[in-house]
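All remarks here apply to the structure that follows.
Sequence positions, counted from 1, serve as the residue numbers for this chain. Small disclaimer: the values here were computed from a predicted structure and weren't measured.
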Amino acid sequence: MPKPEEGQEQEEDDSQAAAGWSISKPMQFTLIGAAVVLLALVIWLIIRKRLVIMSKWKGKRLEQHADVDTFTEGYQFLLQALAKKGLILKEGQTLREYASDVDLWFGHGEMSKLTTYYERVIYRDEPMDEHHREVYRLWNRLVNEILA
């Protein structure tokens, strides 16, 4: 009796394995449909929670880096989050005036303090190193209030 070659044995094993894992057409459509629904749910959750996700990421960066670019990104994010909350920076309104409006809305002076630091860093080129902890604390408190 002639021995089958190794290549033929491998092909037979592969075809038997594939036959054992075959899925019917209706089940394939069901699995594809479930995957599409799951993907849509994940995308919806990410979109719905994007401000929270971004705040965590921006907060970590602001905590770890005491540079002007990171502070500017964090401050711009804060302005975007406030706009989504309904507190929009009006045309011609200064940051100081806007900060006063935000402080009236929340009932404290955190935004005015943060804006003062922002103006000092941006317009006076003051280093942020000595005020980094305070800036992070103010930013974090404001973001938490906005997203609450």
Is it the case that the side chains of H131 and E126 hold a donor-acceptor pair, with the cut-off being a distance below 3.5 Å and no angle test? no
Determine whether more than 12 heavy atoms belonging to other residues, nucleotides or ligands lie under 6.0 Å from atom NZ of K85. yes
The reported gap from OH in Y118 to CE in M128 (rounded to nearest 0.5 angstrom) is 11.5 Å
Partner of Y98 under side chain to side chain contact (heavy atoms under 4.5 Å, CB included), picked from L79, D103, T115, is L79
Going by salt bridge (charged side-chain N to carboxylate O under 4.0 Å, His left out), name the pairs with one or both residues in residues 24-45, residues two or more places apart or in two chains. none
Check each of L147, L78, L82 against L142 using the side chain to side chain contact (heavy atoms under 4.5 Å, CB included) test, and report the only one that passes. L78
Which distance, rounded to the nearest 0.5 Å, do you find between the CD1 of I146 and the NZ of K84? 12.5 Å
Judged by modelled atom types alone, do N140 and E63 share a side-chain donor-acceptor pair under 3.5 Å? no
Say whether T72 and D69, considering side chains only, have a donor N or O and an acceptor N or O under 3.5 Å apart. no
Can I53 be reached from V143 by stepping across I, L, V, M, F, W or Y side chains whose heavy atoms are under 4.5 Å apart? no
Rounding to 0.5 Å, atoms OH (Y75) and CD1 (I122) come to a distance of 10.0 Å
Salt bridge (Lys or Arg N to Asp or Glu O under 4.0 Å) filter on K58, not counting sequence neighbours, yields E73
Is F106 close to V102 at the side-chain level, that is, under 4.5 Å between some pair of heavy atoms? yes
In this structure, CE of M111 is separated from CG of L87 (nearest 0.5 Å) by 9.5 Å
Just by modelled atom types, is the R96 backbone N or O under 3.5 Å from a matching donor or acceptor in the S100 side chain? yes
On the six-membered ring of W57, is R61 placed so that its NZ or CZ lies under 6.0 angstrom from the centre and within 45° of the ring axis? yes
With the side chain counted from C-beta on, respond yes when Y117 and E134 share a heavy-atom pair under 4.5 Å apart, and no when they do not. yes
